[in-house]
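These notes are about the structure you will find just below.
Chain A is the first sequence line, chain B the second, and so forth, proteins listed ahead of strands; every chain is numbered from 1.
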Number of protein chains: 2
Amino acid sequence: MAAQDFYGSVSLAVSTVIFALKDRALWVPLVRREREPYKGTWALPGGPLSPGRNLPDSALSTLEATTGLTPSYLEQLYAWGNPERSGGDGHVVSVVYWAALSSTPDQEAKGVAWFPVDGLPSLAFDHAEILDYAVARLRRKVAYSRIAHSFMPETFTLTELREAHEAIVGHPLDPANFARQFRSSPALIDTGRHREGTPFRPPRLYRYDSSLTYADDGALARASSAPDDTQDPTC
Amino acid sequence: MAAQDFYGSVSLAVSTVIFALKDRALWVPLVRREREPYKGTWALPGGPLSPGRNLPDSALSTLEATTGLTPSYLEQLYAWGNPERSGGDGHVVSVVYWAALSSTPDQEAKGVAWFPVDGLPSLAFDHAEILDYAVARLRRKVAYSRIAHSFMPETFTLTELREAHEAIVGHPLDPANFARQFRSSPALIDTGRHREGTPFRPPRLYRYDSSLTYADDGALARASSAPDDTQDPTC
DNA sequence: TTAATAGTGTCTATAAGACAATATTCA
DNA sequence: TGAATATTGTCTTATAGACACTATTAA
């Protein structure tokens, strides 16, 4: 969150809600604020937009600094611009992105900690509201898109994919109906291999046809381009 | 579109895509640019964000200045922030809203003209891309929400509502199936009256239960509040 | 053989689309 | 009565959910 002291200007920040799956739940990384306002409380990772830099580039570099990882999905969420939202630090408009990671990082950067979305600490600014909104969009989106695949590694089983869906929507899904629905997708490719070392019947391993994924459920935000045709915030 | 001269700053503008129905087609108002860059070409109405002002407030005042009207629907569309998009006028991030009008204004403000969306002139900046995206969102949104009602006056017939849908999606719809689907909606209220003066059988007049509309398909962006729960740009 | 998970088959309810048929008004 | 639009009814097809059933592996 950028501060700008002189009267009469609006500053612009880019923040990112970064989701990853862990222990069948959604987790997000937060950073501890080292300055007033809200010093010592947790906030979304982000920072001022550097002149000459793209919005998604700014989100990606925040992501890299926070997690050391490159996201498998990145999408603009919303712009918040209420003049009072900065806690007396001037008028700050934040363009917020959300991202999906296909793995959780082993070790955290300094000042960064991961929290489950249903056990968040008290947050700085309006970041609790932003996170609520990001979770709501992810929950709605998983129902009509293939966004859950962004949380999967290169190859995965249908049970793992279903558990990702369950973690996001928050309730169990019928394995039979889930399998039928997803096996009919041309983007889901049977690798012919099976997961080894399971205690019982070994499940098939699938991978994703990413060329179809892009066309079907929204693009990874590219550094120089416009929003995808499938973008629409009011579902 | 705001310009800011000193090196190293990002300026913030708010623009609005304003839709209205006329002659069974979608129309938008554009303003003629009176300054470089793109002097003399057409652009989306908008302007710099005044410090201390809300984003939707800024969109609403642009709308008022352009059309003299208050919209029946207003929603944040997307934020564009490519550094090259301003045509050499510094780094300008535009937060773009889109709005629906329930009527077309009788007379236009100075420098404003209305165009059908399938017959647009050459546009300044990246505004052609923005308009394409706004039309795409409206087209997708009309399929799963009740957004078409925002284009209707206080009372309307099912045929008028269907023609609004047809103008937006761009192809004819089956009157029988349309009527069945929309009459089952609890938000659509039969006024008991009929339209007078039609050459043939007079159709029923309906009105909308706006309290249900808010809950069902996204709120009118309110000056002081967050995005609606149903916001989601990737449909 | 048993336990546990992987995966298939079937039935039902719901909704959408095609399209025939009936209803109501004015000229 | 006829023309034109409003409104209702019926049939087909696609899909989602509930849930019973079969398959495959390790211990």
**Asked** Would Glu129(B) and Trp80(B) count as having a side-chain donor-acceptor pair, cut-off 3.5 Å?
**Response**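 Yes, side-chain donor-acceptor contact under 3.5 Å.
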
**Within residues 179-192 of chain A or reaching into it, pairs that qualify as salt bridge (Lys or Arg N to Asp or Glu O under 4.0 Å) - sequence neighbours excluded** =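 Listed once each, the pairs are Asp190(A)-Arg204(A).
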
Name the pairs: protein N/O against N/O of nucleotides 6-9 of chain D, kept only if under 3.5 Å.
residue : atom : partner   : partner atom : Å
dA6(D)  : OP1  : Thr159(B) : OG1          : 3.1
dA6(D)  : OP2  : Thr159(B) : OG1          : 3.1
dA6(D)  : N3   : Arg201(B) : NH1          : 3.2
dT7(D)  : OP1  : Arg204(B) : N            : 3.2
dT8(D)  : OP2  : Arg183(B) : NE           : 3.2
dT8(D)  : OP2  : Arg183(B) : NH2          : 2.5

**Message:** So which atom in Leu158(B) and which in Phe178(B) form the shortest heavy-atom distance, rounded to 0.1 Å?
**Reply:**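 The pair with the smallest heavy-atom distance is O-CE2, 3.7 Å.
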
**Asked** If you take all heavy atoms of Ala99(A) and Thr16(A), which pair is closest and at what distance?
**Response**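 Closest heavy-atom pair between Ala99(A) and Thr16(A): CB-CG2, 4.2 Å.
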
**Item:** chain B footprint on DNA chain C, 5' to 3' - any atom under 4.0 Å from a heavy atom
**Value:**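 Taking any atom under 4.0 Å from a heavy atom of chain B, the span is dA16(C) to dC26(C).
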
Output a table of donor-acceptor pairs, distance under 3.5 Å, between side-chain atoms of residues 162-171 of chain A and any protein atom two or more places apart or on a different chain; print 'none' if there are none.
residue   : atom : partner   : partner atom : Å
Arg162(A) : NH1  : Glu166(A) : OE2          : 3.1
Glu163(A) : OE2  : Arg24(A)  : NH2          : 2.5
Glu166(A) : OE2  : Leu173(A) : N            : 2.8

**Asked** For Arg193(B), which residues count as a salt bridge (Lys or Arg N to Asp or Glu O under 4.0 Å) partner, sequence neighbours excluded?
**Response**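 In terms of salt bridge (Lys or Arg N to Asp or Glu O under 4.0 Å), with neighbours along the sequence ignored, Arg193(B) is linked to no residue.
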
**Message:** Restricting to side-chain contact (heavy atoms from CB on, under 4.5 Å), what partner residues turn up for Ala113(A), sequence neighbours left out?
**Reply:**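 Partners of Ala113(A) under the side-chain contact (heavy atoms from CB on, under 4.5 Å) test: Trp42(A), Phe115(A).
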
